[in-house]
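Please read these numbers as outputs of a predicted model, since none were measured by experiment.
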Amino acid sequence: MIEDARHLPRDTLIETDLAIIGAGAAGITIARELAGTNIRICLIESGGLEFEQDTQNLYRGENGGRWYFPLESARLRYFGGSTNHWGGWCRPLTPIDFEARDWIPHSGWPITRAELDPYYERAQPVTETGPFRYDATGFWEETVGAKMLPFPRGLITTTFFQYSPPTRFGTRYREVIERAANVRALLHATVTEIETNEAGSEVTGLNVSSLEGPTFRIRARRYILAAGAIENARLLLLSNRVQPAGVGNTHDLVGRYFMEHPHIPIVANMVTSRPEAFNSAYTQHLSLADTIVHAALIPTETLLRRERLQNAVFTIGVLGVYTAENLAQPAPADDRHARDVFNLLRDLGPRRETGHPPAGYNDWPPAGALGANCALGCACEQAPNPQSRVTLTEERDALGLQHARLDWRLSETDKLSLNRILHAVGEELGALGLGRVRPALSDDGNWPDEVLGGYHHMGTTRMAHSPKQGVVDANCRVHGIANLYIAGSSVFTTGGASNPTITLVALALRLTDHLRAQLS
Ligand SMILES: Cc1cc2nc3c(=O)[nH]c(=O)nc-3n(C[C@H](O)[C@H](O)[C@H](O)COP(=O)(O)OP(=O)(O)OC[C@H]3O[C@@H](n4cnc5c(N)ncnc54)[C@H](O)[C@@H]3O)c2cc1C
């Protein structure tokens, strides 16, 4: 059932088994999983079914660190949350991402990738992606019908992204929520405070407001905070009436360790004189095995361990294709970039193979292509950094709540690590005789100004065995609080270089199983 909280009588008290704060990817996944059970659920959503500017304004905030998107445009505040905008790129974290790596301070999840695998498998249909297969060898090589690049030095390998259609969780799963007799979804209902007992050891209720409507309370046996990684931290910090530092913040960890995936759309130019050596999965989106896939390059675990590096992923985008006809022309005199590419292709010499292999899917490479100029785009792992954090501003929103302030900080090691892996890509492609990679990154630890995020907010309520190192435990329960759980990428201990949503959906499914046993 979906109802509008603006029509509730003032000071209503709703009693339920499970209160979920936020109807985005995480909150909807949990409510949907438990739909039709005997567990009474209240799914509390700040927005309506469509975008509304007044509600979106509640997401305003400040940026205090390096440049970041304005906070009100980096996420969406209505039913379905940020999945109303997401791009659908999916790839699980890799096993090494979960490990405590002695070269990355604060790394090490309390769970392994193997423990999450069954939930990743279940997250595939939730995100409407294909089989739980991401390694290039075996399944995808067979499905694509072509070999992936055989990198000879063992530094780089191929992975696959899968693309969700992208699933708009609010639209796609609205009917299930609407029909479920045990689910009461409240729209235009903003949780303004998580209230605890004096000891701060148990949540006693939620205070909820509507922008144009009543204030009311919700009491539950268990609570899940699923409002997105910036807002999860904000709400815990705002709930400071009983515990002055905020709920779950005994060790001053809430809001710290904010991570993104630094993105650089053109981190290098790759000029190849053998475009046919890259099968079409590297250069195009292919529709295969009931999903859409794209191959990408990643460092091997061997390289990461040996050189003590952080993870990264590189995609190949074709900027231009050169034919014999193009190359017979004089080098362009007035375009330095085009001239360089042109000269490089000439330097690289004639193709080593005669004849043209059969065109791949989508006709890659185009007939007559003797060379291609490509952009390598990257997203990379940011090491957890306690100074990269979410705090509160003095300014307040329309409900009188302090805004979030984001201080996103990258470190030198993040940059140096990315640069080394980029050079490894160059070494491997050079060793294969495929072309040249020209990095657009400097060799020092300074980040270029134009680094973007990926709208991937992670780490602000990190998971750790010890309350001194993390906000939640391995079951996503807030340390020291009996009945409060957190869902979403705020619980990520490290962020790897994989887009976060499939992992947070897998974690939400795992949390659902944990709570199902307690509440049934
Ligand atoms: C432009 C864009 C592109 C993206 N592309 C990708 C991609 O390709 N791949 C990928 O993996 N990820 C991508 N993401 C990130 C992805 O959207 C998020 O990882 C995902 O939506 C997070 O799910 P969530 O449930 O934790 O939070 P959200 O989806 O943000 O949902 C949080 C919900 O909580 C509600 N809420 C907030 N505060 C309160 C409150 N106080 N009371 C009640 N309700 C509240 C909000 O209204 C919202 O509906 C992208 C994001 C954006 C913005």
Side-chain angles (χ1 to χ4, degrees), residues 59-75 82 85-89 91 161 229-230 258-271 283 294 296-299 309-320 335-341 344 372-385 387-390 404-426 429 436-459 489 495-500:
Y59 261 161
R60 283 201 176 141
E62 263 178 45
N63 274 312
R66 64 173 305 116
W67 185 90
Y68 197 68
F69 309 106
L71 297 190
E72 71 275 21
S73 56
R75 53 225 170 114
S82 297
H85 263 184
W86 77 312
W89 292 57
R91 195 168 73 88
F161 277 103
I230 296 174
F258 173 85
M259 296 175 289
E260 247 283 6
H261 291 128
H263 278 61
I264 304 183
I266 304 186
V267 73
N269 258 95
M270 192 214 25
V271 176
T283 58
H294 196 125
L297 308 178
I298 51 169
L309 301 171
Q310 297 158 213
N311 226 328
V313 62
F314 299 85
T315 50
I316 299 173
V318 179
L319 299 173
D335 179 340
R336 208 193 65 170
H337 183 69
R339 190 174 65 235
D340 286 354
V341 170
L344 250 174
N373 178 26
C374 303
L376 289 184
C378 78
C380 67
E381 177 170 22
Q382 162 178 10
N385 172 359
Q387 306 311 325
S388 180
R389 65 188 296 202
V390 172
R405 178 180 195 275
L406 175 63
D407 188 345
W408 180 34
R409 296 201 192 181
L410 295 174
S411 63
E412 278 195 3
T413 59
D414 300 337
K415 160 76 186 314
L416 293 170
S417 179
L418 169 64
N419 203 34
R420 170 63 192 117
I421 299 168
L422 181 56
H423 280 82
V425 173
L429 292 173
R436 305 255 167 87
V437 170
R438 288 194 304 193
L441 272 187
S442 63
D443 282 337
D444 56 24
N446 298 322
W447 280 97
D449 288 341
E450 59 273 16
V451 174
L452 303 173
Y455 306 96
H456 303 163
H457 310 148
M458 302 171 285
S489 45
S498 305
N499 306 51

Measure the [atom1]-[atom2] distance between [X] and [Y] for me, rounded to the nearest 0.5 Å.
X	Y	atom1	atom2	answer
Ile421	Leu297	CD1	CG	11.5 Å
Ile266	Glu450	CD1	CD	10.5 Å
Thr283	His294	OG1	NE2	6.5 Å
Asn446	Leu416	CG	CG	9.0 Å
Ile264	Phe314	CD1	CZ	9.0 Å

Please report the closest heavy-atom contact between [X] and [Y], naming both atoms and the distance.
X	Y	answer
Leu418	Leu441	CD2-CD1, 3.8 Å
Val451	Pro262	CG1-CB, 3.7 Å
His261	Ala379	CB-CB, 4.4 Å
Trp447	Cys380	CH2-SG, 3.8 Å
Asn311	Pro299	OD1-CG, 3.5 Å
Ala404	Ile230	CB-CG2, 3.9 Å

Verify, without hydrogens or angle tests, whether [X] (side chain) and [Y] (backbone) share a donor-acceptor contact under 3.5 angstrom.
X	Y	answer
Glu260	Tyr455	yes
Trp67	Leu452	no
Ser388	Phe258	yes
Ser489	His457	yes

Which residues satisfy the side chain to side chain contact (heavy atoms under 4.5 Å, CB included) test with Asn499, sequence neighbours excluded?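 For Asn499, the residues satisfying side chain to side chain contact (heavy atoms under 4.5 Å, CB included) (neighbours in sequence not counted) are Trp89, Phe161, His456.
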Quick test of your reading: applying salt bridge (charged side-chain N to carboxylate O under 4.0 Å, His left out), list the pairs with at least one residue in residues 409-419, sequence neighbours left out, ordered by first then second residue.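 Found Asp407-Arg409, Lys415-Asp444.
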Could you give all pairs that pass the salt bridge (charged side-chain N to carboxylate O under 4.0 Å, His left out) test and reach residues 374-384, with sequence neighbours left out?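 Pairs touching residues 374-384 that pass the test: Arg101-Glu381.
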Show, in sequence, the C-alpha distance, side-chain angles and deciding distance for Val313 and Arg91, and conclude whether the side chain to side chain contact (heavy atoms under 4.5 Å, CB included) test is met. CA-CA 11 Å; Val313 62; Arg91 195 168 73 88; 3.8 Å; yes
So with a 6.0 Å cut-off around NE2 of His85, is the heavy-atom count from everything else above 12?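 Atom NE2 in His85 is not crowded, with 12 or fewer foreign heavy atoms closer than 6.0 Å.
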So Leu376 and Ile316, do their side chains get closer than 4.5 Å, heavy atoms only?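 Ile316 vs Leu376: side chains touch.
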Leu406 and Phe69: CA distance, side-chain angles, deciding distance, side chain to side chain contact (heavy atoms under 4.5 Å, CB included) verdict: CA-CA 10 Å; Leu406 175 63; Phe69 309 106; over 6 Å; no
